[in-house]
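One structure below.
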Amino acid sequence: MSVQLHRTIQTFASSIIRKPKCSLIDKNKKLNELSKLGQTDEARKLFDKMPERDEFTWTTMVAAYANRGRLVEARQVFQEVPTKSSITWSSLICGYCKHGFEIEGFELFWQMQSEGHMPSQFTLGSILRMCAIKGLLSRGEQIHGYAIKTCFDMNVFVMTGLIDMYAKSKRVLEAECIFQIMSHGKNHVTWTAMINGYSQNGDALRAIQCFSSMRAEGIEANQYTFPGVLSSCAALSDIRFGMQVHGCIVNGGFEANVFVQSSLIDMYCKCEDLHSAKKALKQMEINHAVSWNSMILGYVRNGLPVEALSLFKKMHASDMEVDEFTYPSVLNSLACMQDTKNGICLHCLVVKTGYESYKLVSNALIDMYAKQEDLACAINVFNSMVEKDVISWTSLVTGCAHNGFYEEALKLFYEMRMAETKPDQIIIASVLSSCSELALLKLGQQVHADFIKSGLEASLSVDNSLMTMYANCGCLEDAKKVFNSMQMHNVISWTALIVAYAQNGKGKESLRFYDEMIASGIEPDFITFIGLLFACSHTGLVDDGKKYFASMKKDYGIRPSPDHYACMIDLLGRAGKIQEAEKLVNEMDIEPDATVWKALLAACRVHGNTDLAEKASMALFQLEPQDAVPYVMLSNIYSAAGKWENAAKLRRKMNLKGLNKEPGYSWIEMNGVVHTFISEERSHTKSDEIYSKLEDVIALIKEAGYVADTNFSLHDINEEGRERSLSYHSEKLAISFGLLYVPKGVPIRIYKNLRVCGDCHNAMKFVSRVFDRHIILRDSNCFHHFKEGICSCGDYW
DNA sequence: CTAGGGTTAG
């Protein structure tokens, strides 16, 4: 038979055998196409017109409705299906699962079995996917059990679904277990599920290792694999691996995928390579909001708010789609720039475009206004929110604290707890630092307890703030306990410990901790050195101080700031090396600021150097003309030197300028009530009792050898009057109250807003011995632990 | 009827 003839017969044969069937196949094909395109109503029209329908026709129509979420219609068609198969059931179930209808999905799953149809890998796959997305762990476990019973536990589809379900439910170990059981037969989707499982559960290193193994086994990655790998590179700041992945992406031809592109941009931004990120953004053919969002956020995070704003302007001008992720980054950049004008403009735009109702956006608005110190606006946005979350509260709480309204911050936290919003680590850390600022030990302990009860995981920032809170309340032991309980310490933890010991009069321990810190491989930062210099200064370790001061620049490249200089001047001043302190000020390679001059002035006070004091004061009068402190200090130095006339003249000048000294006051917290005392004041309800107790106290300590030091009296009056005013200092009123009302054996905790006066300091030492009490006095500079006539500060403060 | 994905505020 010739070839020609053979072909003719074949064509003829197929024309008679297949022709009628072909039209059904073609129509089914068309129906499926319309369904995939989402043209469900067109599909229905075609379906209705079809004179002949087979199983595929019916199933496609059910799926067309089910996939678009039109489940009522899907079920109607389903019920009309003449002969249902496992596939028909799966199509319907898949629709319910895709749209999150958990109850209906499971009902149909059991129903199909009772009607004699075996679920397939597709049925289980759909249900597992729903469990994964909705985090239905126990439902997923049920399916896992079912899969084992029905021998589906060797099926790649089902196993992959299980891995994804466990990983999305934060059960990485279970996911890993299934992954390892599947020694062979893992496909690229299985690998991708595992990689993303690691990456989404914060195990970036394993994600990357898994990706490497995948490639080693010769499995090709695709557009679904790369984003997870790239975000892991970003989390580890591993730009070298990231660039290799970029190479794979180019090789595989996946560059054009928007998901891949945006994760590339994000990776480069997080690795601080803005140049490469920008290049990736430029190469995009279609501009996609997510990629632009990543780039804008990258600019903000890398401290380039101006670039972030200009990118947003471009985005806005080009009619690009802007979403709820765009605004927070831009608002954040305006917060960084303190750009209040554009802040308001952007707020207007948010309102105009209807994005105010997005929590993400409103929270960013609160944060921006708070950072721009416009608490009223922040509160306005907060109050306008229908549904607040913990971040809304945190933004406001931190905003208050940032503006120095610590009490308001604490009240807000209380309100939040009353509203039964669960706290998280960040708000706890923020609230603890407000407790710390106000030295509210009881409240701080309650927040600590609240945190433990919450069952939240420990976090570095919470532990670090707990340490600071306890240290700031004079509870050194508790601060150390927290430190010891921590699994990891960063430079902030160590610095907190160093500062805690330094301000509580244990500077030598601070220096020991510094050595331990270095030994553990953690590098100090500029705050660590402030702690160290503070420790040296309060312990009188001049040589060590000089050594650290030199080391910070030499060994760690940290340029001393005015604060470091101030510590050094303080250190030299206390040690009586006034000339050296003056020399250091003159040698500074930066302009000395007010803190530096104040340190010098304080040094002059201790050593009665009026000439240098005048010089320092002059500088301060220039730098901070509205500050009363230098006037008071200089006047005190004059008084101490017996130069009453100069002192009086200065006081008059101060009054003429309308400057008022911050009044000194002391307080004691008892049973949640703060008892405040002001020198010579009698507003306390137990005032009579307190003053009469004070008479007894003075008499008793005098017997033990206390002599009033009238140098600390500021009044230009006779000796007896000066002594009298001295005995009514706020610290002394507070200690009398403490002796009356704080039970024996419990430390008396006194707080003072200014530095403790020298005479009061001396008196406290006697009180601690005569009355056998532990007195903890926190002044504006450090803690004084008085015990058995000795103070922990070693009389340096 | 076919599993898997990026940006996420303090």
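For the OP1/OP2 pair of B:dA9 and a distance below 4.0 Å, the side-chain nitrogens and oxygens of A:Arg301 include at least one atom meeting the criterion. Distances shorter than 4.0 Å separate none of the side-chain N or O atoms of A:Lys371 from OP1 or OP2 on B:dA9. When the side-chain nitrogen and oxygen atoms of A:Lys270 are compared with OP1 and OP2 of B:dT8, one or more of them lie within a distance under 4.0 Å. Listed pair A:Gln200 / B:dG6 meets the phosphate criterion, a side-chain N or O lying under 4.0 Å from OP1 or OP2. Between A:Asn32 and the phosphate of B:dC1, there is a side-chain N or O to OP1/OP2 separation shorter than 4.0 Å.
We find that CZ of A:Phe226 is positioned 19 Å from C1' of B:dT7, with the value rounded to whole Å. The distance between atom CZ of A:Phe382 and atom C1' of B:dG10, rounded to the nearest whole Å, is 13 Å. Look at OH on A:Tyr327: it is 21 Å from P on B:dT7, rounded to the nearest Å. Summarising the geometry, the separation between CD1 on A:Ile163 and P on B:dA3 is reported as 16 Å, rounded to the nearest angstrom. Atoms NE2 (A:His144) and P (B:dA3) sit 20 Å apart, rounded to a whole Å. As rounded to whole Å, 9 Å separates atom C1' of B:dT8 from atom CG of A:Leu297. Distance CE (A:Met385) to C1' (B:dA9): 10 Å, rounded to an integer number of Å. If you measure from atom CG of A:Asn187 to atom C1' of B:dA3, you get 8 Å, rounded to the nearest angstrom.
Nearest to the side chain of A:Ser231, among B:dG10, B:dC1, B:dT7, sits B:dT7. Which of B:dT2, B:dG10, B:dA9 sits closest to the side chain of A:Cys94 comes down to B:dT2. Closest contact between the side chain of A:Asn332 and the listed nucleotides B:dG10, B:dT7, B:dG6 involves B:dG10. Closest to the side chain of A:Phe325, from the set B:dT8, B:dG10, B:dA3, is B:dT8. Listed nucleotides: B:dG6, B:dC1, B:dT7. Nearest to the side chain of A:Ser263: B:dG6. Side-chain proximity of A:Asn363 to B:dG10, B:dA9, B:dT7: nearest is B:dA9. In this structure, of B:dG10, B:dT7, B:dA3, it is B:dA3 that holds the atom nearest to the side chain of A:Thr160.
Looking at residues two or more places apart in sequence or on another chain, you find a salt bridge (charged side-chain N to carboxylate O under 4.0 Å, His left out) between A:Asp450 and A:Arg417.
Within the nucleic acid shown, A:Asn293 comes within 4.0 Å of at least one base atom, counting heavy atoms only. At the heavy-atom level, A:Val62 lies nowhere under 4.0 Å from the strands shown. Backbone-only engagement by A:Ala63 is indicated by non-hydrogen atom pairs under 4.0 Å involving sugar-phosphate atoms exclusively. A:Ile426 comes within 4.0 angstrom of a nucleotide base, judged by non-hydrogen atoms across all strands.
Legend: side-chain hydrogen bond (donor to acceptor under 3.5 Å, both in side chains) pairs involving residues 151-162 of chain A, not counting sequence neighbours, sorted by first then second residue: A:Gln121-A:Asn155, A:Thr160-A:Thr190.
Residue A:Asp424 places a side-chain atom within donor-acceptor reach of the base of B:dG10, judged by atom type and a 3.5 Å distance cut-off alone. Side-chain to base pairing of A:Ser395 with B:dG10: no donor and acceptor N or O lie closer than 3.5 Å to each other. Residue side chain A:Ser262 reaches the base of B:dG6 through a donor-acceptor N/O pair under 3.5 Å, judged by distance alone.
Closest non-hydrogen pair, A:Ser90 versus A:Thr123, comes out as OG-OG1, 2.8 Å.
Ion pair A:Glu73/A:Arg70 flagged as a salt bridge, since at least one NZ, NE, NH1 or NH2 atom sits closer than 4.0 Å to an Asp/Glu carboxylate oxygen.
Here the CD1 atom belonging to A:Ile127 is positioned 5.0 Å from the SG atom belonging to A:Cys97, to the nearest 0.5 angstrom.
Panel note: side chain A:Asn403, backbone A:Phe405; no donor-acceptor pair is recorded below 3.5 Å. Between the side chain of A:Asn67 and the backbone N or O of A:Gly95 there is no donor-acceptor pair closer than 3.5 Å.
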